[in-house]
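This report refers to the structure that appears directly beneath it.
Scope of the values below: all heavy atoms of this structure, side chains included, with no hydrogens, waters or symmetry mates.
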Amino acid sequence: MEDTPGDQVTDDAGEVTDRVRQVIGRLGCSQREFARRIVMDPSKLSRSLGGTRRFTLAEIVRIADIGAVGTSWLLGAPERPAAPAREPVAVPEGGRPLQLVWETVRLIAEHGFHGVRVTDIAAACGTSPAAVHYHFPGRDELLEAAVRWCMDEDTARRAAESATAPDARAELLQLIALQIPRTEQQRRQWLVWLDLWAQAARSTAVGRLHEHYYRQWRTTVAEVVRRGVDQRVFRTVDPEFTALRLTALIDGLATQVLATAPDSTGPDTMHTALLAFVESELTPAPTV
């Protein structure tokens with residue numbers, strides 16, 4: 001979703017950017033972690049801090065909320081932060097911006113993008129539509145934030161799991177296992193992802209969001225396959241083409257698992273089929 005000029009905060013002297021940097025410094029976290037806490041695209045935060053993009057008013061409100069400072073101070077007013085006596089702390093579980101995003105993810109999974117209204121999100125969080133708009137100016141921004149959070153959580157989980165793998169084959173098997181929609185969280189993420197596909201076919205802005213995450217996912221698979229070939233745990237294959245085929249197979253099987261028909265493919269069958277792909281397409285031929 002693109003920012004409109006009217007939403008952007010004027011910062012010709014760079015004072016807003018400097019104060020946002022101060023907030024990040026007091027929190028003691030990385031820019032990527034800070035972006036996750038305020039539910040903002042990390043690339044947008046980087047460009048805003050680098051001076052090639054301006055923060056929006058909604059982003060300033062969320063930064064003030066997370067950093068325990070006044071919005072007027074962030075916008076350049078001479079007064080001190082709203083709570084100078086205490087250090088800003090990490091948002092606790094259930095903090096309002098993340099609560100809004102979590103409930104939006106759940107509602108998208110249950111009803112689809114078009115079935116989610118701001119009033120529904122407010123009711124799920126026990127607050128008012130005005131409170132929702134305090135953190136997110138509109139429904140589209142909240143839906144985008146929900147998708148980004150959902151996909152970033154999936155990426156972080158994959159990275160944590162792959163860090164323990166002894167070789168590329170084990171890493172690929174771990175990545176495959178994480179794609180099987182067994183748990184409620186995995187099913188929700190898949191339902192959001194499938195609904196994102198449908199929206200991407202009709203919206204250029206959503207299409208760009210979809211393309212970003214799908215390229216990131218397929219690149220991850222291709223890099224694992226490439227390492228496996230170098231380590232000789234996989235036969236010599238084209239990593240990009242193999243990643244294309246494997247991710248397509250994962251998508252198709254997951255769609256079948258999520259189908260409501262009683263005789264649809266189950267998670268175990270999906271897992272078995274994917275392991276068979278690895279065995280038949282990637283396992284090196286036995287030496288004679």
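Checked by atom type and distance alone, the side chain of Asp195 pairs as donor or acceptor with a backbone atom of Phe113 at under 3.5 Å. Side-chain atoms of Gln189 come within 3.5 Å of backbone N or O of Cys150 as a donor-acceptor pair. Between the side chain of Trp149 and the backbone N or O of Met40, no donor-acceptor pair lies under 3.5 Å. A distance-only check finds a donor-acceptor pair linking the side chain of Gln186 to the backbone of Leu178 [under 3.5 Å]. Looking at Glu281, its side chain never comes within 3.5 Å of a backbone N or O of Val278 through a donor-acceptor pair. Remark: the backbone N or O of Leu244 is paired with a side-chain donor or acceptor of Thr247 at under 3.5 angstrom. Gln231 places no side-chain N or O within donor-acceptor distance of the main-chain N or O of Asp167, the cut-off being under 3.5 Å.
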- Message: Could you walk me through whether Arg187 and Glu184 satisfy the salt bridge (charged side-chain N to carboxylate O under 4.0 Å, His left out) test, starting with their C-alpha distance in whole Å, then the side-chain angles of each, then the deciding distance to 0.1 Å, before giving a yes or no?
- Response: CA-CA 5 Å; Arg187 291 182 66 87; Glu184 186 62 29; 5.2 Å; no
- Start with the C-alpha gap between Arg245 and Phe277, add the side-chain angles, then the distance that decides, and say whether side chain to side chain contact (heavy atoms under 4.5 Å, CB included) holds. CA-CA 10 Å; Arg245 295 169 62 208; Phe277 176 92; 3.9 Å; yes
- Message: side chain to side chain contact (heavy atoms under 4.5 Å, CB included), that's the test. Do Thr265 and Thr255 meet it? Break it down for me.
- Response: CA-CA 9 Å; Thr265 302; Thr255 302; over 6 Å; no
- Query: Going through the checks in order, is the side chain to side chain contact (heavy atoms under 4.5 Å, CB included) test met by Arg188 and Arg106?
  - Reply: CA-CA 7 Å; Arg188 282 182 182 176; Arg106 181 180 65 80; 3.3 Å; yes
- Message: For Glu144 and Leu209: C-alpha separation, side-chain torsions, deciding distance, then whether side chain to side chain contact (heavy atoms under 4.5 Å, CB included) applies.
- Response: CA-CA 8 Å; Glu144 180 185 8; Leu209 185 63; 4.1 Å; yes
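Remark: Arg36 engages Glu33 in a salt bridge, criterion side-chain N to carboxylate O under 4.0 Å. Salt-bridge annotation for Glu240 and Arg226: present, with a side-chain N of the basic residue lying under 4.0 Å from a carboxylate O of the acidic one. A salt bridge between Glu279 and Arg169 is present, with a side-chain N of the basic residue lying under 4.0 Å from a carboxylate O of the acidic one. Using a 4.0 Å cut-off between a side-chain N of Lys or Arg and a carboxylate O of Asp or Glu, Glu59 and Arg53 qualify as a salt bridge. With respect to the salt-bridge test (charged N to carboxylate O, under 4.0 angstrom), the residues Arg21 and Asp18 do not qualify. A salt bridge is defined here as a Lys NZ or Arg NE, NH1 or NH2 lying under 4.0 Å from an Asp or Glu carboxylate O, and Asp230 with Arg227 fails to meet this definition.
Within the structure, side-chain hydrogen bond (donor to acceptor under 3.5 Å, both in side chains) pairs that include any residue of residues 127-136 do not occur (at least two apart or interchain).
Inter-residue side-chain proximity for Arg235 and Val229 is flagged as unmet; no heavy-atom pair is nearer than 4.5 Å. In this structure, Leu107 and Trp102 have side chains that are not in contact, with every pair of non-hydrogen atoms separated by 4.5 Å or more. Proximity of Thr164 to Gln174: side-chain heavy atoms (C-beta onward) are separated by under 4.5 Å at one or more points. Side-chain contact between Phe34 and Val23 is present, with at least one heavy-atom pair separated by less than 4.5 Å. The shortest side-chain heavy-atom distance between Arg158 and Gln179 falls under the 4.5 Å cut-off. Side chains of Lys44 and Phe55 form no contact here, defined as non-hydrogen atoms less than 4.5 Å apart. Counting only heavy atoms from C-beta outward, the side chains of Leu191 and Ile108 never approach each other to under 4.5 Å. The closest side-chain heavy-atom distance from Val221 to Ile250 is not below 4.5 Å.
Of all heavy-atom pairs spanning Arg139 and Val118, the tightest one is CB-CG2, 3.9 Å. Residues Val225 and Pro239 come closest through the heavy atom pair CG1-CA, 3.9 Å. For the residue pair Ala122 and Pro129, the shortest heavy atom distance occurs at CB-N, 3.6 Å. Residues Phe136 and Ala145 approach most closely at CE2-CB, 3.7 Å, considering heavy atoms. When every heavy atom of Pro181 is checked against every heavy atom of Val257, the shortest pair comes out as CG-CG1, 3.6 Å. Residue Gly115 comes nearest to Asp120 through the heavy atom pair O-OD2, 3.7 Å, listed as atom of the first residue, atom of the second, then distance.
Between Arg37 atom CZ and Leu27 atom CG the span is 5.5 Å, to the nearest 0.5 Å. Atom-to-atom distance recorded for Arg32:CZ and Ser46:OG is 9.5 Å, nearest 0.5 angstrom. Atom CD1 of Ile180 is separated from atom CG of Asp268 by 9.0 Å, given to the nearest 0.5 angstrom. A distance of 3.5 Å separates OG1 of Thr104 from CG of Leu142, quoted to the nearest 0.5 Å. Put simply, CG on Asp251 and CH2 on Trp193 are 7.5 Å apart, with the number rounded to the nearest 0.5 Å. Separation of atoms CG (Leu98) and CZ (Arg62) is listed at 10.0 Å; rounding is to 0.5 Å.
Residues forming a side chain to side chain donor-acceptor pair (under 3.5 Å) with Thr272 (at least two apart in sequence, or on another chain): none. Considering only residues two or more places apart in sequence or on other chains, Asp238 meets the salt bridge (Lys or Arg N to Asp or Glu O under 4.0 Å) condition with none of them.
Using cut-offs of 30° and 60° for the angle between ring planes, the Trp197 and His210 rings count as perpendicular.
Linking ILVMFWY side-chain heavy atoms closer than 4.5 Å, directly or via other members, places Leu275 and Val237 in a single hydrophobic cluster.
With no hydrogens or angles considered, no side-chain donor-acceptor pair links Arg47 and Thr52 at under 3.5 Å. Using a 3.5 Å distance cut-off with no hydrogens or angles, the side chains of Thr220 and Glu223 do not pair a donor with an acceptor. Side chain to side chain, Asp152 and Tyr213 meet the donor-acceptor criterion of an N or O pair below 3.5 Å.
The residue from Ile63, Val20, Ile60 that alone fulfils the side chain to side chain contact (heavy atoms under 4.5 Å, CB included) condition with Ile38 is Ile63.
More than 12 heavy atoms of other residues, nucleotides or ligands sit less than 6.0 Å from atom CZ of Arg157.
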